[in-house]
Amino acid sequence: MGKKEKQFVEEITPMEVDFPQWYTDVILKTDLVDYSPVKGFMVIKPYGYAIWENIQSYLDAKFKETGHKNCYFPLLIPESLLNKEAEHVEGFAPEVAWVTHGGKNELSERLCVRPTSETIICSMYSKWLKSYRDLPYLYNQWCSVVRWEKSTRPFLRTSEFLWQEGHTLHETYEEAQEETLQMLNIYKEMCENLLAIPVVTGRKSDREKFAGAEATYTIEALMHDGKALQSGTSHFLGQHFTKAFEIQYSDREGNLANPYHTSWGVSTRLIGGLIMVHGDNRGLVLPPRVAPTQVVIVPIAAHKGNVMDKVDEIYKDLKTSIRVEVDDRPNYSPGWKFNEWEMKGVPLRIEIGPKDIENNQVVIFRRDTLEKQQVSMDNLKETIEDLLNNIHNTLFTKALEMREKKTYAVSNLDEFKKILDETPGFIKAMWCGDEKCEEKIKEETGATIRCMPFEQENISDKCLCCDKEAGKMVYFARAY
């Protein structure tokens, strides 16, 4: 291997040295994204987009299983619609991008590029809904939204990002609440079963909830550097929007009523989470179920004997149920290919050379443990499928152990600050419920309440900040 090849993986900055630079190196060198001419707008390249497609197809199937249908609403929203729900417009106003001209003509009313679609969707629902017999409305859209961010980082915070947003209407409070929690649970299941990321589920504080929501529920994941990432939210909107937008229907008694409303979404920031939970100093480590390529076959001495015949035979057998590629590029050495596929996080690599064929075996390399093993060619597909499941479980367990190791319980502010500065992570603490305490902690430490978890613990009787009686345990962290 030449000097250049030896340096191939070393081009990634070690995460212990500079975590943000490590992250940037990984996303650029593994060909996930590139920067566009407009600051904050990213180009998602095929390898990155394939990860999003796998998330999308998993979730889309779950949405349809639970009775939801996809539709599409316009990109541009009249300013008058945005202004109909005061709390909502105030929450999004600093991030809104405005369209003021059509061609050379100034528009009579400014149009905002959707930061989220509650207002445009509610205006349509008010036209469509007539009777309780029409309910529930269970609609979702896959689209992009624009929020003009000052500080951007690909996947984690970009001015435009891809997401899905579900918007549902229900006859009763209870049905809407059930929907809100059902969708949060689907997100949790997706993170654990597809992305191998453990999450904490709970309710946001009023200060942190969605603008216009009665309650916001969240899934929170912990990254390698001890920062939290809000990975999906589900909002119980009550009747705020349905009253503001005059969405009314004839109820079972023949009276006019406003339905109860939910919205919920996850976005391409999940890919940022995927990188920061599982990645290492060699690059990406992708869980098999979301990996664009699950297995790569690298022929050794491809020109000799019947190596390529055997490679083709194995490839055809595997591709019926596994996303598999053959790297038979002639101008790259096997060592260079090994480095590249390791950096791109492909879960399994199969090496096949003349000696392997003689011994009826292949060499398998696991990206998660960096271990090599010799495996019989007999029943190879079953062996590979078992290994891929094992890799998923190993990655989930490793991420869970990392999170538990970086989760602390504290009862006073001094201890809280010390942990945040020296060994950051999730901090469990008691809170009195007063927003002033929440604001003080944020001002002094930069940490926010990530959620009030569904699984409560009694760490002490006193609020972390003010020593008043506290009945709620919350998770704090600095966050992306």
Side-chain angles (χ1 to χ4, degrees), residues 1-2 4-12 14 26 29-32 47 50-51 196 274-275 277-302 304 307-308 310-319 321-330 332-399:
M1 198 184 292
K4 188 179 175 189
E5 289 172 0
K6 280 185 183 172
Q7 294 296 318
F8 190 70
V9 168
E10 293 168 32
E11 289 175 12
I12 293 174
V26 169
K29 292 178 192 300
T30 56
D31 236 17
L32 294 178
Y47 197 59
I51 295 173
L274 193 66
I275 296 160
V277 168
H278 299 303
D280 63 19
N281 286 333
R282 290 176 180 233
L284 292 174
V285 179
L286 294 178
R289 294 169 196 169
V290 77
T293 302
Q294 296 170 309
V295 176
V296 62
I297 304 172
V298 180
I300 310 295
K304 288 189 179 173
V307 169
M308 286 314 296
K310 182 52 76 173
V311 166
D312 288 343
E313 183 188 314
I314 290 172
Y315 170 75
K316 281 173 185 165
D317 183 41
L318 294 183
K319 76 170 184 178
S321 61
I322 293 164
R323 295 187 291 277
V324 59
E325 279 189 48
V326 175
D327 188 349
D328 56 359
R329 292 175 291 174
Y332 294 88
S333 69
W336 195 93
K337 292 174 185 178
F338 294 169
N339 273 338
E340 183 178 49
W341 291 109
E342 281 172 40
M343 189 167 71
K344 289 174 84 92
V346 172
L348 281 179
R349 180 177 78 236
I350 299 176
E351 302 165 21
I352 308 172
K355 282 185 182 169
D356 299 308
I357 294 169
E358 278 175 34
N359 297 326
N360 191 44
Q361 67 179 26
V362 298
V363 175
I364 289 183
F365 172 84
R366 282 178 63 145
R367 178 63 182 87
D368 62 327
T369 59
L370 307 175
E371 293 168 344
K372 273 192 179 188
Q373 62 186 107
Q374 292 172 335
V375 170
S376 168
M377 287 190 194
D378 300 332
N379 303 315
L380 184 60
K381 184 157 79 166
E382 289 76 8
T383 304
I384 298 284
E385 285 170 346
D386 288 346
L387 275 170
L388 291 173
N389 280 326
N390 184 273
I391 290 169
H392 175 92
N393 295 333
T394 302
L395 286 173
F396 181 81
T397 302
K398 187 179 176 186

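Position 1 is the first residue of the sequence; numbering continues from there.
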Between K344 and L286, what is the shortest heavy-atom contact and its length? O-CD1, 3.6 Å

So, for Y47 and V346, which heavy atoms are closest and what is the spacing to 0.1 Å?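 Result for this residue pair: OH-CG2, 3.9 Å.
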
For the NZ atom on K372, are there more than 12 heavy atoms of other groups (residues, nucleotides or ligands in this structure) within a distance under 6.0 Å? yes

For K398, look at atom NZ and say whether over 12 heavy atoms of other residues, nucleotides or ligands are found less than 6.0 Å away.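 Atom NZ in K398 is not crowded, with 12 or fewer foreign heavy atoms closer than 6.0 Å.
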
Could you measure the distance from the [atom1] atom of [X] to the [atom2] atom of [Y]? Nearest 0.5 Å is fine.
X	Y	atom1	atom2	answer
E342	L370	CD	CG	6.5 Å
D317	I384	CG	CD1	10.0 Å
R282	M343	CZ	CE	12.0 Å
K310	D356	NZ	CG	11.5 Å
L348	I297	CG	CD1	11.0 Å
D328	M308	CG	CE	4.5 Å

Verify side-chain contact (heavy atoms from CB on, under 4.5 Å) between L32 and I275, making sure each step is shown before the conclusion. CA-CA 11 Å; L32 294 178; I275 296 160; 3.7 Å; yes

Side-chain donor-acceptor pair under 3.5 Å between R289 and N389, yes or no?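 A pair is found: one side chain offers a donor N or O, the other an acceptor, under 3.5 Å apart.
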
Parallel, tilted or perpendicular: which one describes the rings of F396 and H392, with boundaries at 30° and 60°? parallel

Answer yes when R329 and E340 have at least one side-chain N-carboxylate O distance shorter than 4.0 Å, and no when they do not.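 Result for this pair is yes, salt bridge flagged.
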
